[in-house]
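Right, one structure below, let's go through it.
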Amino acid sequence: MHADKTNRMIYDYLRSATLQFAQDQYGVHLSPDLLQVQKTRKEFSGDFTIVMFAISKIAKKSPETCAGELGQWLREHYGNIVGSFNVIKGFLNIEIVSGFWIDFFVAAADQDYFRIKPTESQKPVLIEFSSPNTNKPLHLGHIRNNLLGHSLAEILKASGKQVVKLNLVNDRGIHICKSMLAWQRWGNGETPESSDTKGDHLVGKYYVLFDQHFKEELRQLSGSGSNEEDAEAKSALMADVREMLRRWENGDSEIRRLWEMMNTWVYEGFDETYARIGISFDHTDYESDTYLLGKDIVLEGVQQGKLIRKDDGSVWADLKPINLDEKLLLRSDGTSVYMTQDIGTACSRHERYEPQLMIYVVGNEQNYHFDVLKKVLDQLGFAWSDKLLHLSYGMVELPQGRMKSREGTVVDADDLMEEMYETARKTTMELGKIDEFEPDELNKLFHMLGMGALKYFILRVDPRKTMLFNPQESIDFNGNTGPFIQYTHARIRSVWRKAIESGWKTGSMAELIYLQPEKLPAKEKELLRILYEFPMVVKEAGDGLSPATVANYAYELAKEYNQFYHEFSVLHEKDVTLARFRLALSVLTGRVIKSAMQLLGIEVPERM
RNA sequence: GGCCCUAUAGUUCAACGGAUAGAACGGAAGUUUCCUAAACUUUAAAUCCAGGUUCGAUUCCUGGUGGGGCUACCA
């Protein structure tokens, strides 16, 4: 067996061999999902472990007996990969022959080994993420969203998928009018230029200002005895906002001009932020273009009797049978709601792309919304509704709880990135290893490290889980962090440069890695084993929609390499063959680290 | 009220139903004439509670308790 592209998955190989064994020797058929093959835990000797309990039960023999017999059988029939084995309780630990690892190494030395080519003519995977409102700047929550979306797109691409990244900007609606009204009333013509403020921050300022004035008005109203709800209905400010929205919807040129101007400011700000985060989109859609979509579809649904029209004219989907209550789709005045628009957008995307999957990266506070969306589409008869996938990620919380823009506890994206840059700068300068860097290079490095720390901090956590961010304690640069992994890469590159400088004949990787299998040392083998896992990790991350899988892998690999690096020398090794082998192993490790980090949207430096 | 998610060292995170629950930070103690000490080594420290299923449960089920979210003719 060769570790070539067509047969990388040794797990599958061992699994099918075991199934064959069960069939041939015990005459039992074992369902493949009951059979567990896993990496051997560190405290035991061996590379892979087959768990015997399932077989032993069916074969009616003790787990130990089965394990022994299987081990023997594997050695006889698969001696080219199975070397030795040991049995502990119900676990069969198998040691793979060194030749297998060397073969894998030779194959992996090819630059393209880890690259999966996209299948021709396959349907794309759509992934919508970011989806900001144009009334305030991006914050930490958006950062998690953006990083997840970007990383997931990279991971899916690496698994050979065609990916289309979409952004749907919420650029209209009552909340947008609030900042517009506030600017119109109290802005005195202020612009990003005149105030030297980033456009999205300037607009955000007026959104907050509106809220302050509105609250003040409420205080006065409720002072005169009415309750809060009445007060809101009576509010002159709210009435003006609603009026502004009406004028916007009627295409009033003055309002439209104001709207366009302020949105342009915001987009300029967003572009800057996106560039700094390092994300991009294939298409950006605007709700002002799409918000009317879906109305016709809903009306058609009424005609076909799939939806209910109530006496007041409003239209509803009845989801009570599946426990989701009734959901409004058209108001009594015939206007649409958010759900209507999402129905329309989904339909038009389906027509345009015929995707194999439509992934929505949206916070878990909208779980209900997406459940309903899927069910309504299904009820309307769209068979493709099962292609919708909500990547529901958890909120980023602060020590005092959820971020609230009203209470000023929002962690601003731009501020945070600036802080990370600053921390990277300070830390790097203190260590003082990069004296010969040009200012340009320094700037790039600080950005790389600051963003690396931030991105890794966020992506290493399972997306579905609520995560905590403490602004008081700055994000670490030591331990299980982005910079730790970046540092490992820099170290490896440094070794490589030193090798070149001292006149090593490096030639091709394939020449370097020649080593007699029986001379493969344990630590090197351990590294190879981890490198071997990479394609499976990418697949797992894609299937599970979890960049965290890749992040944890990158850390494991970096940690393993650092141990190796500390314990053994590459360039000072006297055995030339072994030294060259170690050099090639280092280079390959560096490549995989770089690839893994790229899947997270993190760059790695040549030196730091 | 109903529905959904969640609970692991002091803290932040890991662990397809598998073996002695891993890391990092913080704590304690070490390693630098040697390829980058943003590293490495040693050490103390955890599965919310009660049942159940299983050869085996942090993981699955039931019931509690704590935390979060959703439940608008808002977006």
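Below, all heavy atoms of this structure are taken into account, side chains as well, without hydrogens, waters or symmetry copies.
Using C1' as the reference atom, B:rU36 and B:rU42 are 24 Å apart when rounded to the nearest Å. Rounded to a whole angstrom, the distance from the C1' atom of B:rA24 to that of B:rG63 is 36 Å. Between the C1' atoms of B:rG30 and B:rA44, the separation comes to 16 Å (whole Å). With C1' as the reference atom, B:rG22 and B:rA15 are 7 Å apart, rounded to whole Å. Taking atom C1' in both B:rU53 and B:rC60, the straight-line distance is 8 Å, to the nearest Å. Between B:rC13 and B:rG26, the distance separating the two C1' atoms is 15 Å to the nearest Å. Straight-line distance between the C1' atoms of B:rC48 and B:rG67: roughly 11 Å, to the nearest whole Å. Here the separation of B:rA23 from B:rA46, taken at their C1' atoms, is 13 Å to the nearest Å.
Among A:F44, A:F53, A:F85, the single residue meeting the ring pair (Phe, Tyr, Trp, His ring centres under 6.0 Å) criterion with A:F91 is A:F53.
Contacts of A:H447 classified as side-chain contact (heavy atoms from CB on, under 4.5 Å), with partners at least two apart in sequence or in another chain: A:R276, A:Y421, A:M451. The side-chain contact (heavy atoms from CB on, under 4.5 Å) check on A:R497 picks up A:R493, A:S494, A:E501, A:E606, A:R607, with sequence neighbours excluded. For A:H139, the ring-ring contact (aromatic ring centres under 6.0 Å, His included) partners two or more places apart in sequence, or in a different chain, are A:H142. Scanning for ring-ring contact (aromatic ring centres under 6.0 Å, His included) contacts around A:Y338 gives A:H369, with sequence neighbours left out.
Salt bridge A:R172/A:E249: present, at least one basic N to carboxylate O contact under 4.0 Å. A:R425 has a carboxylate O that lies under 4.0 Å from a charged side-chain N of A:E422, or vice versa, which qualifies the two as a salt bridge. Comment: A:D543 engages A:K539 in a salt bridge, judged by a side-chain N to carboxylate O separation of less than 4.0 angstrom. Ionic pairing of A:E526 and A:K523 is not present here: no N-O contact between side-chain nitrogen and carboxylate oxygen is shorter than 4.0 angstrom. Ionic pairing of A:K39 and A:E556 is present here: one or more N-O contacts between side-chain nitrogen and carboxylate oxygen are shorter than 4.0 angstrom.
Judged by distance alone, with hydrogens and angles left aside, A:Q36 brings a side-chain donor or acceptor within reach of the base of B:rC16, the pair sitting under 3.5 Å.
Within residues 554-563 of chain A, the residues approaching RNA chain B are A:Y555, A:K559, A:N562, A:Q563, by heavy-atom distance under 4.0 Å. Heavy-atom distances under 4.0 Å link RNA chain B to A:T427, A:T428, A:L431, A:K433 of residues 426-435 of chain A, given in residue order. Heavy-atom distances under 4.0 Å link RNA chain B to A:Q38, A:R41, A:F44, A:T49, A:V51 of residues 38-51 of chain A, given in residue order.
Here B:rA38 presents its P atom at 16 Å from CZ of A:R607, a figure rounded to the nearest Å. We find that CG of A:N480 is positioned 11 Å from P of B:rA23, with the value rounded to whole Å. Rounding to whole angstrom units, NZ of residue A:K327 and P of B:rU71 are separated by 7 Å. Here B:rA75 presents its C1' atom at 10 Å from NZ of A:K178, a figure rounded to the nearest Å. Spacing between atom CD of A:Q472 and atom C1' of B:rC25 amounts to 17 Å, rounded to whole angstrom units. Nucleotide B:rC16 holds its C1' atom 12 Å from the NZ atom of A:K539, rounded to whole Å.
Applying the side-chain hydrogen bond (donor to acceptor under 3.5 Å, both in side chains) test to every pair with at least one member in residues 46-63 of chain A, sequence neighbours left out, gives these pairs: A:T40-A:T49, A:D47-A:K525, A:T49-A:N93, A:K61-A:E69, A:S62-A:T65. Screening residues 482-491 of chain A for side-chain hydrogen bond (donor to acceptor under 3.5 Å, both in side chains), with sequence neighbours left out, gives A:Y487-A:R491, A:T488-A:N562, A:R491-A:N562.
Side-chain atoms of A:Y360 and A:S131 form no donor-acceptor pair, as typed in the model, at a separation below 3.5 Å. A donor-acceptor contact under 3.5 angstrom links the side chains of A:N145 and A:Y393, judged on distance only.
Using a 4.0 Å heavy-atom distance criterion, A:M467 is classed as a sugar-phosphate-only contact. Contact annotation for A:N93: base contact, defined as any heavy-atom pair under 4.0 Å involving a base atom.
Neither OP1 nor OP2 of B:rU36 sits under 4.0 Å from any side-chain N or O of A:R497.
The structure places CD of A:E287 at 10.5 Å from CG of A:L293, a figure rounded to the nearest 0.5 Å. For the atom pair OG of A:S288 and CG of A:N263, the computed distance is 7.5 Å after rounding to the nearest 0.5 Å. The structure places OG1 of A:T340 at 9.0 Å from NZ of A:K295, a figure rounded to the nearest 0.5 Å.
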Exercise. Under 3.5 Å for both distances, Watson-Crick or G-U wobble, that's the pair rule; now give the dot-bracket for RNA chain B, with | marking pairs to another strand and [ ] for crossing ones.
Key: (((((((..((((....[...)))).(((((.......)))))....(((((..]....))))))))))))....

Quick test: give all pairs of protein nitrogen or oxygen and nucleotides 1-6 of chain B nitrogen or oxygen below 3.5 Å, distance rounded to 0.1 Å.
none

Find every protein N or O atom lying less than 3.5 Å from an N or O atom of nucleotides 32-35 of chain B, and list the pairs.
unit_1: B:rC34; atom_1: O2'; unit_2: A:H572; atom_2: ND1; d: 3.2
unit_1: B:rC35; atom_1: O3'; unit_2: A:K498; atom_2: NZ; d: 3.3
unit_1: B:rC35; atom_1: O2; unit_2: A:V570; atom_2: N; d: 3.2
unit_1: B:rC35; atom_1: O2; unit_2: A:L571; atom_2: N; d: 2.9
unit_1: B:rC35; atom_1: N3; unit_2: A:S569; atom_2: OG; d: 3.4
unit_1: B:rC35; atom_1: N3; unit_2: A:V570; atom_2: N; d: 2.9
unit_1: B:rC35; atom_1: N4; unit_2: A:Y565; atom_2: O; d: 2.4
unit_1: B:rC35; atom_1: N4; unit_2: A:F568; atom_2: O; d: 2.2

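At least one cation-pi condition fails for A:K327 and A:W316: the charged atom is not both under 6.0 angstrom from the six-membered ring centre and inside a 45 degree cone around its axis.
Ring to ring, A:Y207 and A:F210 are not that close: their centroids are 6.0 angstrom or more apart.
The side-chain ring of A:F91 is stacked on the base of B:rA19, judged by centre separation under 5.5 angstrom and plane angle under 30 degrees.
Ring orientation note: the planes of A:W248 and A:Y291 are tilted relative to one another, at an angle of 30° to 60°.
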